[in-house]
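The chains referred to below are lettered A, B, ... by the order of the sequence lines, with proteins before strands, and numbering in each begins at 1. Quick note: numbers below take in every heavy atom, side chains included, and nothing from hydrogens, waters or symmetry partners. Model, not experiment: these values are computed from the prediction.
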2 protein chains.
Amino acid sequence: MPPVPDSDFTPRQNEVLASALRLVVDGGEKALTTSAVARAANCSKESLYRWFGDRDGLLAAIVAHQAAKVRVPSESAGALDLAEFRSRLATFAEDLLTVLAGDTSLALNRIAIAHASRHGAPLGRLLLERGRERIATRARTLLEAGRDQGHIDFQDATEAYRTLYGLIIRDAHGRWLLGQPPLEEDADFAGQARRAVDQFIALHPPLPRNNARQGRS
Amino acid sequence: MPPVPDSDFTPRQNEVLASALRLVVDGGEKALTTSAVARAANCSKESLYRWFGDRDGLLAAIVAHQAAKVRVPSESAGALDLAEFRSRLATFAEDLLTVLAGDTSLALNRIAIAHASRHGAPLGRLLLERGRERIATRARTLLEAGRDQGHIDFQDATEAYRTLYGLIIRDAHGRWLLGQPPLEEDADFAGQARRAVDQFIALHPPLPRNNARQGRS
DNA sequence: ACATTTCAGTACCGTACGGTACGGTTCGGC
DNA sequence: GCCGAACCGTACCGTACGGTACTGAAATGT
């Protein structure tokens, strides 16, 4: 199952990183002591330090390790009709909700945020560049495809994506990060996704075509 | 200037809490050692422990102390016309952006998020209840006033507020929390606020009145 | 004037963790 | 069969921090 080059770590190292990730996901950052990692992964602290430098390096490696498995479904767009476009957007939205609500994402985001106070926030940057930015790119190409097909219109793809993100996530991510258990309303990712997509499309109506088939409003 | 009962702390204690807040704002959580607080506030560690129990109690007290100064501008709504309503909304949006982008808010949110991994996340709850919820209430009453005046329509005020929040904040809070310095685009809070309000109102058009003066669409 | 409380300042203790060093074992190359 | 590298397991060290104990001074009440 390794068609994925994972990252520039050896299989053994990835194994260790997976153990460390487990630790951190269900124990928070303070559970990630070098001794605990060594114990959980059946490796020596000396190896940890040889491989990852120091504790911060280990943290960064964990983030990189996890980011490496963010698969971007290519979003290869041939000609897609409006229904297909909506469906694609909704799938994206649902994926985004699922990822951000996941234990792993929450744990890693919490750690990166906690570390953001000092040293140029390398963890935060890592997360932004290898996680969010990848996802944003996927969404932007999808949005541009939709514009090319005349389903929506916007000036700046980044700007449009931000609006889409806001409509999908709203304050949910913040609440989740703060430890508030997902409300029932949050749980219906599919419904949330549909609502967000509807709102987004409503805010970005297509340019009027010569032969306007768009009936209502 | 103390018409504000602040919280249920003595003036001296509030003084100490302010010092502690300073520490934590420009040093992150790890800067908040009991010794450092004692030194910065010219008080003894023993007093700290007598007043706040332990380090976590101190943390909670800091959050409560800061939350106590969240002033809610009453939002007393007489009859307001559409322009006034938009303006009020925009002011709210700008305030929200300003608060969330502030050092203090970011520092406190980071700490609460970091602590969310364990013990039922009391800090997160504190922040949610005394911070965000207060703000949300202010916004909801404003939204309901707008609905009463027929400027907008919606079913559920909470639901509507979430959308408004999403349109205002989008992914900015997440980026800020992760330590990304505010982009230039972020800096124009007034512009962001206007855009968000326009989008929100567009998404919640008023019910058609008998004498429909609403031209377009 | 004296007793009591409060608190600053400091010294102290236990511990937990980051990081290092070392002995023993496995494994691949020659 | 020998050598060296990689590595596990563990023991070890220094330190920093949370929390407590003690002392002496200021304040407050009687």
With rounding to the nearest 0.5 angstrom, report the CZ to CG distance, B/Arg39 to B/Leu23. 8.5 Å

Within 6.0 angstrom of A/Arg86 CZ, more than 12 heavy atoms from elsewhere: yes

A/Leu48 CG to D/dT10 P, in whole Å, measures 14 Å

For nucleotides 20-26 of chain D, tabulate all protein N/O to nucleotide N/O atom pairs closer than 3.5 Å, reporting atom names and distance.
residue, atom, partner, partner atom, Å
D/dC22, N4, B/Glu46, OE1, 2.2

Can you confirm whether more than 12 heavy atoms, excluding those of B/Arg175, are under 6.0 Å from its CZ atom? yes

Does a side-chain N or O of A/Arg50 approach OP1 or OP2 of D/dA5 to a distance below 4.0 Å, or not? no

With a distance cut-off below 6.0 Å to the six-membered ring centre and an angular limit of 45° from the axis, does A/Arg138 pair with A/Phe92 as a cation-pi contact? no

Return yes when atom CZ of A/Arg22 has more than 12 non-hydrogen atoms of other residues, nucleotides or ligands closer than 6.0 Å, and no otherwise. no

Hey, is the main chain of A/Gly146 close enough, under 3.5 Å, to the side chain of A/Arg88 for a donor-acceptor pair? no

Students should find this one: the first and last nucleotides of DNA chain C, 5' to 3', lying under 4.0 Å from a heavy atom of chain A. What are they? C/dC17 to C/dC22

So does B/Arg140 pair up with B/Glu133, basic N to acidic O under 4.0 Å? yes

From OH (A/Tyr165) to CZ (A/Phe200), nearest 0.5 Å: 15.0 Å

